[in-house]
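Right, one structure below, let's go through it.
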There are 2 protein chains.
Amino acid sequence: MPKLASRTPHATRDARRIAVIKALAHPSRLAIAEALQAGERCVCDLRDLVGADLSTVSKHLTVMRKAGLLDMEKRGLNVFYRLRCPCLLNFFECVDRLIPAAQPKTTCK
Amino acid sequence: MPKLASRTPHATRDARRIAVIKALAHPSRLAIAEALQAGERCVCDLRDLVGADLSTVSKHLTVMRKAGLLDMEKRGLNVFYRLRCPCLLNFFECVDRLIPAAQPKTTCK
DNA sequence: AGACTACTTGGCATATTCGCCAAGTAAAGC
DNA sequence: GCTTTACTTGGCGAATATGCCAAGTAGTCT
């Protein structure tokens with residue numbers, strides 16, 4: 001593919017949008033993001049939440065952090081992750097507002 | 001993987017959120033969604049926009065339609081696609097509001 | 001009817017993502 | 001220093017996504 005990014009006017013903006021959207025486009029990562037809305041969590045808490053290997057969860061968190069979604073902080077043996085921006089809440093509201101549209105004849109503000 | 005969906009309380013809601021988010025998590029599909037904010041377009045217009053094969057564009061549109069993002073309508077030889085819900089605009093605003101957070105010390109409403 | 005245009009669908013090769021295991025790092029406790 | 005706990009990173013097989021070509025469908029036009 002000849003790189004869409006190099007042909008469109010809003011290349012950089014779109015690339016960043018894609019990174020953010022992709023970081024949320026996976027069941028485990030979405031569950032992590034939702035959990036973090038309640039406050040910071042250590043990796044082992046999130047492992048229990050998604051029920052995957054610790055290494056798998058760690059890699060998901062790396063994806064989200066590199067997209068700009070998360071901050072991390074090491075305290076003692078634990079590493080705590082938290083949302084960089086609480087407005088992620090609004091983001092999900094936007095998505096949910098799209099969902100009723102899946103049924104015909106439903107209005108959507 | 002033992003299906004996250006079957007273990008979480010908001011399984012169905014999350015599955016639909018994932019479908020919507022995934023439908024936007026690709027450069028061509030994001031570009032299509034952005035273009036459709038200005039109004040309906042036929043498939044050949046969108047092919048010119050993303051610069052891919054017509055069949056490729058058609059498949060992208062199918063993904064977006066099945067996620068509940070788009071409506072389609074055939075008129076004459078053309079098929080026109082449009083956003084089911086104009087609030088997709090808000091959705092992108094939410095994403096962009098997340099982006100400044102990628103730089104440290106930036107506040108985000 | 002036959003030709004042409006605008007798509008959609010099937011199939012397949014390539015690319016990307018995912019998840020586990022194994023190995024490595026870093027802090028805490030003894 | 002040695003052990004344990006909490007995590008990260010490397011690697012690799014398996015699953016999923018992507019994109020093109022070829023073939024099929026459905027209107028339009030003459």
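By convention in this document, chain letters (A, B, ...) are assigned in the order of the sequence lines, proteins followed by strands, and residues within each chain are numbered from 1. Note that the structure is a prediction, hence the values are computed from the model and not measured.
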Could you tell me if A:R65 sits above the aromatic ring of A:Y81, with its cationic atom closer than 6.0 Å to the ring centre and no more than 45 degrees from the axis? no
Would you say the side chain of A:S55 and the base of C:dC21 hold a donor-acceptor pair, judged only by whether the two atoms sit under 3.5 Å apart? yes
How long is the line joining CZ of B:R47 and P of D:dC21, in whole Å? 13 Å
note: A:K66, atom NZ; D:dT8, atom C1'; distance rounded to Å ~ 11 Å
In whole angstrom, what separates B:H60's NE2 from C:dT8's C1'? 15 Å
Applying a strict under-4.5 Å side-chain criterion to I, L, V, M, F, W and Y, I'd like to know whether B:V63 and B:L54 cluster together. no
Atom pair distance, as rounded to whole Å: CZ in B:R41 and C1' in C:dC7: 18 Å
Please determine, for the side chain of B:D53, which listed nucleotide (D:dT8, C:dG19, D:dC21) has the closest atom? D:dC21
Any side-chain N or O of A:S58 below 4.0 angstrom from OP1/OP2 of D:dT8? yes
Closest to the B:C42 side chain, choosing from D:dT8, C:dT8, C:dC7: C:dC7
Separation of atom CE in B:M72 from atom C1' in C:dT8, rounded to whole Å: 9 Å
Measure CD1/B:I18 against C1'/D:dA17 and give the value in whole Å, please. 15 Å
Interatomic distance, A:K22 NZ vs C:dT16 C1' [rounded to whole Å]: 8 Å
Proximity to the side chain of A:Y81 - top-ranked nucleotide from D:dT8, C:dC7, D:dC20: D:dT8
Using a cut-off of under 3.5 Å, enumerate the N/O to N/O pairs linking the protein to nucleotides 26-29 of chain D.
none

